[in-house]
**Student:** 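Handing you this structure, nothing more for now.
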Amino acid sequence: MKVKLFILAFYSILQTLFANDVIVKDFDGDNKLDKVYINHTSNTIIYLLSSCDYLEKQSLSFSKLSKDTKLIETKNGFKLESNIDNILYSSYFKFNKEHKNLELVGINRKIKSLNNEFENGESSYKFSTQELVAKWNYINKTTKEMVSMPTLKTKLILNKVHLDAFNDEFLIKFAEKISSIYKTEISKLD
């Protein structure tokens with residue numbers, strides 16, 4: 001087991017030196033290194049956790065996984081930063097001890113648009129509180145100026161998702177829900 005851990009750590013350090021798409025850290029809190037990385041060949045996120053005997057697990061396949069997609073280490077896990085259809089998504093993951101899996105805990109999305117059909121601004125969602133917070137702007141039809149909308153805070157019920165059931169399809173469905181909320185809010189301003 002120590003040899004396996006050493007090989008994993010050595011290989012991970014080499015990859016980390018040459019890529020932005022690998023993170024090696026203790027995700028599961030057992031003081032052993034774990035690993036998550038982007039596999040651009042299969043368009044998946046691969047992860048190996050020591051608490052699961054380094055059994056290789058992976059996300060669902062992404063249909064839109066650009067070369068600019070990044071993994072960024074956070075205090076309690078990591079975030080996956082991806083750009084889909086000119087929307088920047090930051091998907092935050094951390095280890096769930098009960099399920100022994102990496103779980104999506106939050107999503108942040110940023111979009112810039114000069115068209116009132118689409119949100120212009122930022123929205124974030126936390127699974128722990130089931131709260132959506134949106135800070136959007138819109139273009140006033142009369143003055144043609146960008147105007148800030150009041151900050152929106154609303155409940156949104158989404159099922160929890162583990163990394164092995166996650167891909168860009170989840171983010172696109174999430175975007176559709178947010179877009180619907182935005183259109184409802186923007187219609188109140190007309």
**Student:** Does the side chain of Ser148 pick up a donor-acceptor pair with the side chain of Asn137 at under 3.5 Å?
**Tutor:**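 Yes, Asn137 and Ser148 have a side-chain donor paired with an acceptor closer than 3.5 Å.
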**Student:** Quick check for you: to the nearest 0.5 Å, what is the distance between Lys177 atom NZ and Ile157 atom CD1?
**Tutor:**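 If I round to the nearest 0.5 Å, the distance is 10.0 Å.
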**Student:** Is Ile181 reachable from Val133 through a run of hydrophobic residues whose side-chain heavy atoms are each under 4.5 Å from the next?
**Tutor:**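 In one cluster: no.
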**Student:** Does the side chain to side chain contact (heavy atoms under 4.5 Å, CB included) test come out yes or no for Ile45 and Asn39, once each step is laid out?
**Tutor:** CA-CA 6 Å; Ile45 310 302; Asn39 182 328; over 6 Å; no
**Student:** Indicate if Leu60 and Phe127 have the same hydrophobic cluster label, given that clusters are the connected sets of ILVMFWY residues with side-chain heavy-atom separations under 4.5 angstrom.
**Tutor:**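 Each belongs to a different hydrophobic cluster.
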**Student:** Please walk me through it: do Leu104 and Phe93 pass side chain to side chain contact (heavy atoms under 4.5 Å, CB included)?
**Tutor:** CA-CA 4 Å; Leu104 182 64; Phe93 291 87; 3.8 Å; yes
**Student:** Between Ser66 (side chain) and Asp68 (backbone), is there a donor-acceptor pair under 3.5 Å?
**Tutor:**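 The answer is yes, because a donor-acceptor pair under 3.5 Å joins these two groups.
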**Student:** With clusters defined by side-chain heavy atoms of hydrophobic residues (ILVMFWY) lying less than 4.5 Å apart, directly or transitively, does Val147 cluster with Tyr182?
**Tutor:**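 Linked within one cluster.
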**Student:** Consider only side-chain heavy atoms of I, L, V, M, F, W and Y, link residues closer than 4.5 Å, and tell whether Leu152 and Tyr138 are in one cluster.
**Tutor:**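 Shared cluster, yes.
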**Student:** State yes or no: do Phe170 and Ile84 share one hydrophobic cluster built from I, L, V, M, F, W and Y residues joined by side-chain heavy-atom distances below 4.5 Å, directly or via other members?
**Tutor:**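 Yes; tracing contacts between hydrophobic side chains, which count when under 4.5 Å, links both residues.
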**Student:** In terms of heavy-atom contacts, does NZ of Lys110 have more than 12 from other residues, nucleotides or ligands at under 6.0 Å?
**Tutor:**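 Open: at most 12 neighbouring heavy atoms sit under 6.0 Å from NZ of Lys110.
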**Student:** Applying salt bridge (Lys or Arg N to Asp or Glu O under 4.0 Å) as the test, list every pair that has at least one member in residues 76-92; sequence neighbours left out.
**Tutor:**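 Salt bridge (Lys or Arg N to Asp or Glu O under 4.0 Å) check on residues 76-92 returns Lys64-Asp85, Lys70-Glu81, Lys79-Glu81.
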**Student:** Would you say the side chain of Leu65 lies within less than 4.5 Å of the side chain of Ile38, judging by non-hydrogen atoms?
**Tutor:**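 In short, these two side chains touch, coming nearer than 4.5 Å.
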**Student:** Examine distances only and state if a side-chain atom of Asn96 and a backbone atom of Glu103 form a donor-acceptor pair shorter than 3.5 Å.
**Tutor:**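 No, because the side chain of Asn96 does not come within donor-acceptor range (under 3.5 Å) of the backbone of Glu103.
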**Student:** Looking only at heavy atoms, which two atoms of Tyr89 and Arg109 are closest? And how far apart?
**Tutor:**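 Closest approach of Tyr89 to Arg109, heavy atoms only: CE2-NE, 3.7 Å.
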**Student:** What do the steps show when you test Ile186 against Met149 for side chain to side chain contact (heavy atoms under 4.5 Å, CB included), and what is the final call?
**Tutor:** CA-CA 9 Å; Ile186 196 84; Met149 295 171 66; 4.2 Å; yes
**Student:** Does some side-chain heavy atom of Lys112 sit less than 4.5 Å from a side-chain heavy atom of Asn86?
**Tutor:**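 The answer is no; the side chains never approach within 4.5 Å.
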**Student:** For a side chain to side chain contact (heavy atoms under 4.5 Å, CB included) check, start with the C-alpha distance between Ser123 and Asn108, then their side-chain angles and the critical distance, and finish with the verdict.
**Tutor:** CA-CA 6 Å; Ser123 54; Asn108 189 25; 5.9 Å; no
**Student:** Please confirm whether the backbone N or O of Gln58 pairs with a side-chain atom of Asp164, one donor and one acceptor, at under 3.5 Å?
**Tutor:**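 Checking the backbone N and O of Gln58 against the side chain of Asp164, no donor-acceptor pair under 3.5 Å is found.
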**Student:** Within a strict 4.5 Å, meaning less than it, do heavy atoms of the Ser124 and Leu132 side chains meet?
**Tutor:**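 Side-chain contact under 4.5 Å: no.
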**Student:** Is Gln130 atom CD crowded by more than 12 heavy atoms from other residues, nucleotides or ligands, each under 6.0 Å away?
**Tutor:**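 Atom CD in Gln130 is packed in, count exceeds 12.
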**Student:** Contact between Asp21 and Thr69 at the side-chain level, heavy atoms closer than 4.5 Å - yes or no?
**Tutor:**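 Side chain of Asp21 against side chain of Thr69, heavy atoms only: no contact under 4.5 Å found.
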**Student:** Between Lys25 (side chain only) and Lys75 (backbone N and O only), is there a donor and an acceptor less than 3.5 Å apart?
**Tutor:**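 Flag set: sc Lys25 to bb Lys75 pair under 3.5 Å.
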**Student:** Between Lys153 and Glu131, is there a side-chain heavy-atom distance shorter than 4.5 Å?
**Tutor:**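 Yes, their side chains come closer than 4.5 Å.
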**Student:** Check whether any side-chain N or O of Asn140 sits under 3.5 Å from a backbone N or O of Thr143 as a donor-acceptor pair, and report yes or no.
**Tutor:**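 Answer holds: yes.
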**Student:** Starting at CG of Leu55, measure out to OH of Tyr47 and round the result to the nearest 0.5 Å.
**Tutor:**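 It is 9.0 Å, given to the nearest 0.5 Å.
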**Student:** Can you check whether Ser90 reaches Leu80 side chain to side chain, under 4.5 Å on heavy atoms?
**Tutor:**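 No, their side chains stay 4.5 Å or more apart.
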**Student:** Looking at Leu48, Leu102, Asp28, Ile23, which one forms a side-chain contact (heavy atoms from CB on, under 4.5 Å) with Asp34?
**Tutor:**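 The passing option is Asp28.
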**Student:** Please examine the side chains of Ile178 and Trp136, heavy atoms only from C-beta on, and report whether any two atoms are closer than 4.5 Å.
**Tutor:**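 Touching, per the 4.5 Å side-chain cut-off.
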**Student:** For a quick test of reading the model, state the closest non-hydrogen atom pair linking Lys35 to Val24 and the distance between them.
**Tutor:**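 So the minimum-distance heavy-atom pair works out to CG-CG2, 4.2 Å.
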**Student:** Take Asp168 and Ser63 through the side chain to side chain donor-acceptor pair (under 3.5 Å) test and state the conclusion after the steps.
**Tutor:** CA-CA 7 Å; Asp168 51 353; Ser63 60; 3.1 Å; yes
**Student:** Quick check: closest heavy atoms across Asn167 and Ser61, and the distance to 0.1 Å?
**Tutor:**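 Looking at all heavy atoms of both residues, the closest pair is ND2-O, 2.9 Å.
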**Student:** Main chain of Leu156, side chain of Tyr125: is a donor-acceptor contact present, judged purely on distance under 3.5 Å?
**Tutor:**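 Here the side-chain-to-backbone pair exists.
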**Student:** Looking at CG of Asn43 and OG of Ser59, how far apart are the two atoms once the value is rounded to the nearest 0.5 Å?
**Tutor:**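 Rounded to the nearest 0.5 Å, the CG-OG separation comes to 9.0 Å.
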**Student:** Quick one, Tyr37 and Thr44 - any side-chain contact, counting heavy atoms below 4.5 Å?
**Tutor:**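 Counting from C-beta outward, Tyr37 and Thr44 never come under 4.5 Å.
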**Student:** Are the charged groups of Glu185 and Lys188 less than 4.0 angstrom apart, N to O?
**Tutor:**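 Here Glu185 pairs with Lys188 in a salt bridge, since their nearest N and O are under 4.0 Å apart.
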**Student:** Listed by chain and number, what are the ring pair (Phe, Tyr, Trp, His ring centres under 6.0 Å) partners of Phe27, not counting sequence neighbours?
**Tutor:**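 For Phe27 the ring pair (Phe, Tyr, Trp, His ring centres under 6.0 Å) partners, ignoring immediate neighbours, are Phe78.
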**Student:** Using only heavy-atom distances, determine whether the side chains of Asp30 and Ser51 contain a donor-acceptor pair under 3.5 Å.
**Tutor:**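 No, no side-chain donor-acceptor contact under 3.5 Å.
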**Student:** Which ILVMFWY residues are connected to Val105, directly or by a chain of links, through side-chain heavy atoms under 4.5 Å apart?
**Tutor:**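 Other cluster members: Tyr92.
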